[in-house]
Amino acid sequence: MDLWDFIVQRWDRLLPEAALHASAVIQCTIIAAIAGVALGVAVYRSPAGSALATALTSAILTVPSFALLGLLIPVLGLGVPPTVVALVLYALLPIVRNTIVGLSGVDSAITDAARGIGMNRLRVLTRIELRLAWPAILAGIRVSTQLLMGIAAIAAYAKGPGLGTEIFSGLARAGSANATNQALAGTLGIVVLALLVDGVFVLIGRLTVSRGIRD
């Protein structure tokens with residue numbers, strides 16, 4: 001059986017797994033975006049704080065995903081909890097770093113002018129700085145999402161949801177009938193999802209970033 005026939009025969013199983021994979025990645029990215037932007041906002045004015053936040057989130061990425069899941073399973077058990085925690089932690093670095101870079105790059109003359117017309121610190125942050133830093137923040141979220149698409153496949157090790165189940169099952173049956181097709185189907189499914197989600201981010205960028213900033 002060739003790969004296409006295998007995909008057609010297992011479509012009713014692959015489609016729900018793809019939906020679960022995309023859902024897990026998107027939800028974890030949203031959680032990481034909220035936490036990462038909040039952390040970036042908290043430290044961007046402090047060089048030491050910015051360096052510490054970047055170093056800590058960078059250190060997380062040095063931990064192999066299998067090792068991190070292995071450490072989380074005894075505490076959180078199998079399934080969704082260790083998957084969510086691991087994916088959120090891995091997604092933080094690009095978001096935190098880009099938030100700090102974006103906010104630090106806002107022209108001080110603009111913020112001084114905003115304060116000059118009576119804006120308080122919170123209004124300057126929400127109405128000026130975050131809006132100008134949004135393209136950089138969105139780029140960080142986009143990078144994190146693509147990163148998680150691949151890492152989420154490892155979640156099958158912890159009985160997590162997604163297409164990683166197909167990859168692990170295929171590799172475990174290496175040499176048997178359709179084992180390669182099963183692993184390839186899961187892998188190609190993740191690639192397709194990554195491309196589709198990246199296209200959504202391009203659309204979000206066009207809708208939320210003003211033409212003046214893009215140009």
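As the structure is a computational prediction, the values presented were derived from the model and not from experiment.
Among residue pairs with one or both ends in residues 31-47, those qualifying as side chain to side chain donor-acceptor pair (under 3.5 Å) are Tyr44-Arg121, Tyr44-Glu129; sequence neighbours excluded.
With contacts defined as side-chain heavy-atom distances shorter than 4.5 Å, the pair Thr165/Arg13 qualifies. Side-chain contact between Val84 and Val88: present, with at least one pair of heavy atoms (C-beta onward) separated by less than 4.5 Å. Two residues are said to be in side-chain contact when any heavy atoms from C-beta on lie closer than 4.5 Å; Leu93 and Ile60 fail this criterion. Under the 4.5 Å side-chain criterion, counting only non-hydrogen atoms from C-beta, Leu163 is not in contact with Ile167. Here the side chains of Ile137 and Trp134 are in contact, with some heavy-atom distance below 4.5 Å. By the 4.5 Å heavy-atom criterion applied to side chains, Arg142 and Leu138 are not counted as neighbours. In this structure, the side chains of Leu3 and Leu188 come closer than 4.5 Å at one or more pairs of heavy atoms. Proximity of Val41 to Leu103: side-chain heavy atoms (C-beta onward) are separated by under 4.5 Å at one or more points.
Across every non-hydrogen atom of Pro161 and Leu20, the tightest pair is CB-CB, 4.0 Å. Here the closest non-hydrogen pair linking Ala109 and Asp107 is N-OD1, 2.9 Å. Considering every non-hydrogen atom in both Thr126 and Arg131, the closest pair reads O-CG, 3.9 Å. For the residue pair Asn98 and Gly140, the shortest heavy atom distance occurs at ND2-N, 3.1 Å. Taking every heavy atom of both residues into account, Ala153 and His21 meet most closely at N-CE1, 3.7 Å. The two residues Met149 and Val197 make their nearest non-hydrogen contact at CE-CG2, 3.5 Å.
When hydrophobic side chains of Ile, Leu, Val, Met, Phe, Trp and Tyr are connected at separations under 4.5 Å, Ile154 ends up clustered with Phe66, Leu69, Ile73, Leu78, Tyr157, Phe168.
To the nearest 0.5 Å, the span separating CD on Gln146 from CG on Leu193 amounts to 10.0 Å. Here the CD atom belonging to Glu17 is positioned 10.0 Å from the CG atom belonging to Asp12, to the nearest 0.5 angstrom. To the nearest 0.5 angstrom, Arg97 atom CZ is 13.0 Å from Ser50 atom OG.
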